[in-house]
Every structure is written in structure tokens, then in C-alpha cells.
Amino acid sequence: MLRTHISNQFLKEDKVVTAKTQQELNQKVINQINRWKEKEDKVKAQQHIDQIKYQVSADTEAALDLISQYLNLLKSSFGNEHRLTWQNLYRRDSFDNPEPSLSKYIESMGVPKEDKFIEFFFSSIRNKRLDKEKEAELRYQEAICAFQNAKNAFLEEQRDFNVSVDYFKQAYEEKITPFVERYFETVLHNSIYPAGMVKHFDLQYQSELKTLVVDFDLPHPDILPNVIEYKFVQTKKETITKTMKKNEFDGFYEDVIFQIVLRTVYECLNADYKDTIELIIFNGWIHGVDTSTGQDFHSCIVSLQASKEEFLDLQLDKVVPKDCFRKLKGLNASALIHLAPVRPILEIDKDDKRFVESKEILAGINSIPNLAAMPWEDFEHLVRELFALYFSKIGCEVKVTKASRDGGIDAIAFDPDPIRGGKFIIQAKKYNHVVPISAVRELNGIMADEGAVKGILVTTSYYGNDSREFQKGKPLVLLDGSNLIQMFKDFGYNVRIELKKSNKLS
């Protein structure tokens, strides 16, 4: 009697097959393998169906959870602290670069260990070791110097950042307009919305009216989720998607929009611990395509005005968003799903009439023999181009203001970073003599009026001790002719400044 042992790893089954002849044994083995194959295919098919059913159930749960997040936009905001915690904004990270070690340089350069006996007889071996030690020591000193410079730069940057947080806090609490705007921008940036909704908004603070205007881009109906179930039809071997009925989705979209309005107003007012706001205006805008013309449009579909006192008296955890919106006399034209436009109660004025088109000077800088002798207006544009290069590394935009020659602003840089950033005032002064301290005092005053985080005064000449003393402890940067030349060199431009009265910088 012949016998053999066979198994199926997938089914975890095994069997001993017996037969009188080899041919009969082979056939029995083949038959058993085929039976196992049929059983294995059925099991795998069922597993595949079970996997689809599991995924369908998980997808349905995720879809309902996403809808639930939108339905609870307002309630989910109540448990959060929206005012900025200034201490949390500080940079407290440590400098993690490893400090160089002399022993590692000695090891890596293969400096032999001292052998007094051998070196007593062979001075050349001793001299070779000493030369290697000196080279290792030199490289170590270079490395430790580079390490210390990097650490000092890191700590200085960290200190500057933390000082900017302190300045930000003080300026907000003193109700300086740009910093009030930055404060509420940061508050709204910190507000977390469901996945798939991209936030974009602009805001403007009117200090004389203590009014905050928020322009908020609302989600288009196509963005909101409307799938309520995924279902696997086994007879058709396919997954079908069930969505909300039209009336149900229309009501859902309307509820979400009204919740966004109330939530945004609530978060701003809740965060306003220094009472910078007495009145808030929310304008909800929508981007879309007019299907009758194919043209893009950007329309305001809701607008709400509320006083802080009136709004904070509401019990928002109990309100119906649409009813609350109407109670506050909010504006909307018809069912929000139709995206019908309304006139905003108050619009943001985004135009600064001081800005002018930039003039390109930098490209021809090699043909300028002396920066101190070029026309003053061209010099201002040249400085703007230089700082546009400098600030572009951190995503800033630099704009030139109208030529006035009256001591006003020459250029403004906008850093979008919500903590470190803000407005930088840049003034260019083409002097051939020492810069008077009045120019430095003037810039300091302009900074306060503009709510700038830093003022930069650039000159072709130099500053006196009185200006340097006045600068101490203030967010002012004084760049003299030598600094200016070096900045140009850093970007690959070789320039000259030759002052009158035999004072030269090159």
C-alpha cells in the first residue's frame, strides 16, 4: 500500500492519501488538491465580501460622523478657550546640535597615542604625532567656533521671536489697529473645522468705532458632505451610495451656514478679553459659477451685525441657528442653497491709496557709479527691490508708497506669519552727511501711527551716537551705507557709495 501526506496552508487542513498503485495515488492527490482549491476559492470570495461589507460599514460611519461634525459646528466651539494664551506662543525649543568633541577629531584624524619609549628614540614619530594633534586641535577649534556661532544665532532668533510675542500682546491690549486685526486673525486661524473645508477670511478693525468686520468665504454646497449610507448589494456584487434628499440637504446646508456665522462671531467676541470690540459685522461670501452664463462670481449671501453686549447675552447652546440669525436681524435674500446675493452691511476697504507701481532699478545697478548721487525717488525704489529680495525668503510682500519726500513711508513689508509677522515700515534716506536724530525719531512715531512691528531706516551715509542711543530698546533697525553695501553684496551686486566732504564708503 502506497501513501503520502498532503496539506493546504490557507485552509490549515492536511490529509494522508493511500492507494495500491502510484497512478491511483497521484490521481487521489490531484482530486484532493482540486477539492481544496474549490473550498479555498469559496472562503476567499466570502472573505472578500466580508471585507467589502466591513469597509462599507466603516465608510458609512465616517460619512455620518463628518455630517455630525458640520451639524455641531456651533456646539463644538463652546468647550474651547479662544483667547490667545500668550505663554504658549513663546519658543522654548532647545538647540539640539551636538557640541564638537576634541577626542572625536583626534580619533577621526587618526592621531596616534603617545609612546614615550618609541618617541625617545625616534623624534620624527613624536613630531608627526604632534603635527596631527595640532591639526586636530585646529579643526576642533573651527568646529567649536561654528557651533557657538550657530547656537548664538539660534538663541538670538528665539529671543527676537519671544520679544515679538510680547510686543504683539502689548499692542493688542493697547488696541493698536494692525495688532487687533492680527489677534483675531490668529483666533480664527486656530478654529478647527471639519476635514474638507478650507478656511479663508479677511478682517478689518475700525478703532474709532471699535468695530470688527469679518469677510468669510463660506463653503459652496458642492463642498459639504451629503452621503448618508454606503450599501453593498450582494446579488449585484456592487456598492451603492445613498445621499440626502434634496430638501434634506437644502436644510442641512442652510443650518451649516448659519452656524458658521454665529460660531465666527462667538469666537471673536469670546477671545476679546481687552474689550477692543463693541460691534462686529460678519459678511459671508461664496465663490461659484453662474450656470446660465458660465461666469465665475463672488457674492455675499449673508450679512450680520451684532453688538458684543447683545450677542454674549444669548444662550447659544440652546438656540436654533436660523432663528437666532433672524433675531439678530441678519440679512439673506432667500433659501441659502440658491446663493442669492445681498448687500453687505459694511464692506472692508482693501485699497491703500498710498501704494504705487514699483519701478525696476536693480537690473541696471551695475551702471550706477554712486548710489549717493542717484535720484532720490530711484533710490527709494532700489531699496524696495533690495528688501523684496530679502523678505521673499519668508514669504513677505513689499510695496512702495507714493513719492512724497516729506519724511513719510517709502515702503511697507507685510509678513503673513500670525505671531512673528506684521507690518514693517521701511524708509530710505539718501544723505551725504550724518543722519539727523530727527529722522530716527520720526520713523519711531510713524511706526506707532501705523501699528508696525518694526521700523527700518536705510541711508547711504551713517548715524551718530545720539541716534544709536535712541534706538536702544526700540524695534528700530538702522542700516548705514556700509550695511547697505553688504546687503547688496549678499545678493551678488557690487555697488559703491561715495559721499561728499571726502567721506567714502566702498
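Quick caveat, the model's predicted, so the values are computed rather than measured. Heavy atoms only: backbone and side chains are in, while hydrogens, waters and symmetry mates are out.
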So, do [X] and [Y] have ring centers that fall under 6.0 Å from each other?
{"X": "Tyr266", "Y": "Phe311", "value": "no"}
{"X": "Tyr183", "Y": "Tyr205", "value": "no"}
{"X": "Tyr167", "Y": "Phe179", "value": "yes"}
{"X": "Trp86", "Y": "Phe168", "value": "yes"}

Problem set entry | Qualifying residue, where the test is salt bridge (Lys or Arg N to Asp or Glu O under 4.0 Å) with Asp272 and the options are Lys210, Arg83, Lys308 |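 Only match with Asp272 under salt bridge (Lys or Arg N to Asp or Glu O under 4.0 Å): Lys308.
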Is there a donor-acceptor pair under 3.5 Å between the side chain of [X] and the backbone N or O of [Y]?
{"X": "Asn332", "Y": "Ser334", "result": "yes"}
{"X": "Ser303", "Y": "Ile345", "result": "yes"}
{"X": "Ser94", "Y": "Asp96", "result": "no"}
{"X": "Thr60", "Y": "Tyr230", "result": "yes"}
{"X": "Asp255", "Y": "Gly251", "result": "no"}
{"X": "Gln259", "Y": "Leu73", "result": "yes"}

Any side-chain heavy atom of [X] within less than 4.5 Å of one from [Y]?
{"X": "Arg91", "Y": "Phe154", "answer": "yes"}
{"X": "Ile260", "Y": "Thr264", "answer": "yes"}
{"X": "Phe297", "Y": "His287", "answer": "no"}
{"X": "Val383", "Y": "Phe379", "answer": "yes"}
{"X": "Tyr70", "Y": "Tyr193", "answer": "no"}

Problem set entry | Lys199 NZ/CZ over Phe201 ring centroid, <6.0 Å and within 45° of normal |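 Geometry flag: not set, cation outside 6.0 Å or 45°.
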Problem set entry | Residue pairs passing the salt bridge (charged side-chain N to carboxylate O under 4.0 Å, His left out) test where at least one lies in residues 311-329, sequence neighbours excluded |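 The answer is Glu254-Lys322.
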Problem set entry | Minimum heavy-atom distance between Val261 and Val302, given as atom pair plus value |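 Nearest pair, atom of Val261 first, then Val302: CG2-CG2, 3.9 Å.
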All N/O donor-acceptor pairs, side-chain side in residues 233-242, below 3.5 Å, sequence neighbours left out:
{"from": "Gln234", "atom 1": "OE1", "to": "Lys53", "atom 2": "NZ", "distance (Å)": "3.3"}
{"from": "Lys237", "atom 1": "NZ", "to": "Gln234", "atom 2": "O", "distance (Å)": "3.1"}

Exercise. Counting only heavy atoms not in Lys454, do more than 12 fall under 6.0 Å of its NZ?
Worked result: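 At most 12 heavy atoms, drawn from other residues, nucleotides or ligands, come within 6.0 Å of this atom.
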For this session: Would you please classify the geometry between the Tyr390 ring and the Phe387 ring as parallel, tilted or perpendicular, with 30° and 60° separating the classes?
Result: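 Ring orientation, 0 to 90° scale: perpendicular.
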